[in-house]
Amino acid sequence: MRIGIAGAGWWAGFAHLPAFRDAGAQIAGIYSRTPAHAQKLAAAFGTQAFARYEDLLPHCDAVAISTTDDTHAPLGIQALEAGKHLFMDKPLARTAEEGQALVEAAQKHQRIGLTAFTSRGDLAAETAQALVRSGEIGEVLYLRGYFHGGYMGDPGGPTTWRARAETGGAGGAVADLGAHLFDLVRMVTGLEFTQVMAQGQIHLQRPDPVSNYDEGAVLARLGDASGMFSLSRVHIGADQRLELEVQGTKGALKLSPALWGTGQSAQLLFAKRPGLYQEVPPDPGLLRGRDPKTSWGHFQFIELARRFLEGIAKNQQPTPSLEDGLMAQQVIEACVLSSQQNTWASV
């Protein structure tokens with residue numbers, strides 16, 4: 001399978017390219033609107049660089065997109081219309097409308113699509129999902145979760161594309177970090193968000209204006225269950241961390257997918273009701289041939305790349321699908337609407 005890579009930033013070189021290489025794909029080439037970046041990565045991975053996206057597409061069977069959020073929909077739809085399968089970085093798009101257009105294009109052209117949520121290939125997350133599915137925690141009562149990072153915690157730092165609504169979407173941290181957390185909730189519990197009440201804030205304004213949220217607080221209804229979630233890109237004092245706690249009628253779990261470190265740095269705790277948390281070792285069967293000492297990101301993406309390639313070979317949609325990406329986008333959009341209107345919003 002020939003994979004074309006759109007985007008030549010650090011994440012493409014750290015996760016996308018080595019994961020597809022390790023999963024057995026042929027790297028057909030790399031496109032970037034900054035040709036020097038594409039040339040550097042192409043040299044490192046023994047492939048060719050393309051200055052035009054249109055020139056990359058004839059050389060590949062599928063495209064992995066690792067670009068700014070504003071380009072996801074146009075590049076993705078162009079690939080699907082050219083008959084290419086699509087591996088899309090999260091969030092799926094800037095808006096639910098753009099996400100819906102991607103889903104419809106994949107359906108129209110009968111192409112395989114995957115939204116690359118890192119936690120879907122994480123040892124702790126997959127082990128937690130199995131615990132919930134087996135009934136170990138009973139019915140879900142409520143959830144607590146957060147994704148905190150300090151990558152924009154310096155008031156004197158630059159205003160990156162992520163902090164501009166036109167490129168990073170209106171949600172800011174609610175989109176960038178919330179996409180991971182909201183999908184993790186859906187993955188582990190099988191529940192769907194039905195309503196949200198959200199508050200978003202810009203805390204560190206810069207000379208080059210920030211136009212989306214630095215931080216968000218979200219109350220959620222997921223059927224009969226409730227959730228409370230915190231998201232921030234200006235949260236200093238500790239390493240970036242994603243954590244989800246699920247309380248059920250029979251037990252509870254707390255998980256933190258691998259962030260930094262290696263694939264085995266993920267953590268999962270489980271408690272029976274009543275009781276205290278005990279660490280749960282990951283199911284070794286979930287390694288699927290991976291080395292747990294592989295760097296996080298790369299480690300999870302090997303599994304995502306494997307699923308994507310297997311889905312193409314069997315003509316079966318893998319998970320997380322483009323539809324999963326759209327579901328997360330709809331939660332993000334509802335959070336933005338709720339914050340703007342100061343009311344509960346339906347998902």
- In the single-linkage hydrophobic clustering (I, L, V, M, F, W, Y; side-chain heavy atoms under 4.5 Å), do Val174 and Leu204 co-cluster? yes
- Item | Centroid-centroid distance, Tyr146 to His235, less than 6.0 Å | no
- Message: For Glu126, run the salt bridge (charged side-chain N to carboxylate O under 4.0 Å, His left out) check against Arg120, Arg133, Arg288 and tell me which one passes.
- Response: Arg288
- Message: Set out, in order, the CA-CA distance, both residues' side-chain angles and the distance that settles side chain to side chain contact (heavy atoms under 4.5 Å, CB included) for Met327 and Gln330, then state yes or no.
- Response: CA-CA 5 Å; Met327 292 288 189; Gln330 290 169 339; 3.8 Å; yes
- Task: Provide the closest heavy-atom pair for Thr127 versus Leu123 in the form atom of the first, atom of the second, distance.
- Result: OG1-O, 2.7 Å
- Query: Under 6.0 Å from the CD atom of Gln110, do we count more than 12 heavy atoms belonging to anything else shown?
  - Reply: no
- Is there side-chain contact between Leu269 and Glu279, with heavy atoms separated by less than 4.5 Å? yes
- Short side-chain donor-acceptor distance under 3.5 Å, Thr68 and Arg33: yes
- Item | Residues Gln247 and Arg273: side-chain donor-acceptor under 3.5 angstrom | yes
- Task: Check for a donor-acceptor pair, side chain of His203 on one end and backbone N or O of Asp214 on the other, with a separation under 3.5 Å.
- Result: no
- For the side chain of Thr67 and the backbone of Gly7, is there at least one donor-acceptor N/O pair under 3.5 Å apart? no
- If only atom types and distance count, is the side chain of Ser339 paired as donor or acceptor with the main-chain N or O of Val336 below 3.5 Å? no
- Sidechain-backbone polar pair: Ser338 side chain, Ala198 backbone, donor-acceptor under 3.5 Å: yes
- Hey, are the side chains of Glu166 and Trp161 touching, using non-hydrogen atoms and a 4.5 Å cut-off? no
- Item | Gap separating the OG1 atom of Thr118 from the CD atom of Glu303, nearest 0.5 angstrom | 12.5 Å
- Note on the structure: ring pair (Phe, Tyr, Trp, His ring centres under 6.0 Å) with Phe301: of Trp11, Phe20, Phe308, Phe14, only one passes, and it is Trp11
- Side chain proximity check, Leu304 to Phe87, heavy atoms < 4.5 angstrom: yes
- Message: Are the side chains of Glu98 and Leu102 in contact, using a 4.5 Å heavy-atom criterion?
- Response: no
- Item | NE2 on His72 to OG on Ser66, rounded to 0.5 Å | 7.0 Å
- Between Gln129 and Met187, is there a donor-acceptor pair closer than 3.5 Å when you use the side chain of the first and the backbone of the second? yes
- Query: Considering residues, nucleotides and ligands other than Phe45, do more than 12 of their heavy atoms fall under 6.0 Å from its CZ?
  - Reply: yes
- Would you say Ile112 and Ile65 are hydrophobically clustered, going by side-chain heavy atoms of ILVMFWY under 4.5 Å? no
- Note on the structure: Which of Leu181, Thr189, Val188 passes side-chain contact (heavy atoms from CB on, under 4.5 Å) with Leu143? Answer is Thr189
- Query: Given Lys90, which of Asp69, Asp176, Thr115 fulfils the side chain to side chain donor-acceptor pair (under 3.5 Å) condition?
  - Reply: Asp176
- Which is it for Thr160 and Tyr151 under the side chain to side chain contact (heavy atoms under 4.5 Å, CB included) test, yes or no, and what are the steps along the way? CA-CA 10 Å; Thr160 69; Tyr151 55 92; over 6 Å; no
- Shortest non-hydrogen separation from Ala62 to Ile312 and the atoms involved: CB-CD1, 4.2 Å
- Query: Is the shortest heavy-atom distance from the side chain of Val331 to the side chain of Val218 under 4.5 Å?
  - Reply: no
- Under a single-linkage definition using a 4.5 Å side-chain heavy-atom cutoff for Ile, Leu, Val, Met, Phe, Trp and Tyr, are Leu41 and Val63 assigned to the same hydrophobic cluster? no
- Message: Taking Phe193 as the starting point, is it possible to reach Val103 by hopping between hydrophobic residues whose side chains are less than 4.5 Å apart?
- Response: no
- Is a donor on one side and an acceptor on the other found under 3.5 Å between the side chain of Asn212 and the backbone of Gly169? yes
- Do the charged groups of Arg186 and Glu192 touch, with an N to O distance under 4.0 Å? yes
- Query: Measuring from Arg94:CZ to Thr167:OG1, what's the distance to the nearest 0.5 Å?
  - Reply: 8.0 Å
- Nearest heavy-atom neighbours spanning Pro91 and Ala179: CB-CB, 4.2 Å
- Test applied, side-chain contact (heavy atoms from CB on, under 4.5 Å); reference residue, Leu242; option that passes from Leu184, Leu255, Leu231: Leu184
- Taking atom CD of Glu97 as the centre, report whether more than 12 heavy atoms of other residues, nucleotides or ligands fall under 6.0 Å from it. no
- Task: Taking only Lys NZ, Arg NE, NH1 and NH2, and the carboxylate oxygens of Asp or Glu, determine whether Glu310 and Lys314 approach each other closer than 4.0 Å.
- Result: yes
- Can you tell me how far the CD atom of Gln107 sits from the CD atom of Gln317, to the nearest 0.5 Å? 8.5 Å
- Message: Tell me whether Leu222 shares a hydrophobic cluster with Phe117, the cluster being built from Ile, Leu, Val, Met, Phe, Trp, Tyr side chains joined at under 4.5 Å.
- Response: no
- Message: One pair to check against side chain to side chain contact (heavy atoms under 4.5 Å, CB included): Cys335 and Phe182. What are the steps and the verdict?
- Response: CA-CA 11 Å; Cys335 289; Phe182 300 149; 4.0 Å; yes
- Message: So, applying side chain to side chain donor-acceptor pair (under 3.5 Å) with Ser230, which one of Arg144, His148, Glu243, Glu215 is it?
- Response: His148
- Message: Closer than 3.5 angstrom, by distance alone: can the side chain of Asp61 be matched with the main-chain N or O of Met1 as a donor-acceptor pair?
- Response: no
- Query: Are side-chain heavy atoms of Arg306 and Arg290 found at a separation under 4.5 Å?
  - Reply: no
- Message: Salt bridge or not between Arg164 and Asp208? Use side-chain N to carboxylate O under 4.0 Å.
- Response: yes
- Do Asp324 side-chain atoms and Thr319 backbone N/O form a donor-acceptor pair below 3.5 Å? no
- Any sub-3.5 Å donor-acceptor pair from Ser134's side-chain atoms to Leu131's backbone N or O? yes
- Message: When you measure from the side chain of Ser232 to the backbone of Val234, do you find a donor-acceptor pair of N or O atoms at a distance under 3.5 Å?
- Response: yes
- Task: Indicate yes or no: at least one non-hydrogen side-chain atom of Leu114 is less than 4.5 angstrom from one of Pro320.
- Result: yes
- Determine the minimum heavy-atom distance between Ala258 and Asp122, stating which atoms define it. N-OD1, 2.9 Å
- Should Lys84 and His109 count as side-chain neighbours, where that means a heavy-atom distance under 4.5 Å? no
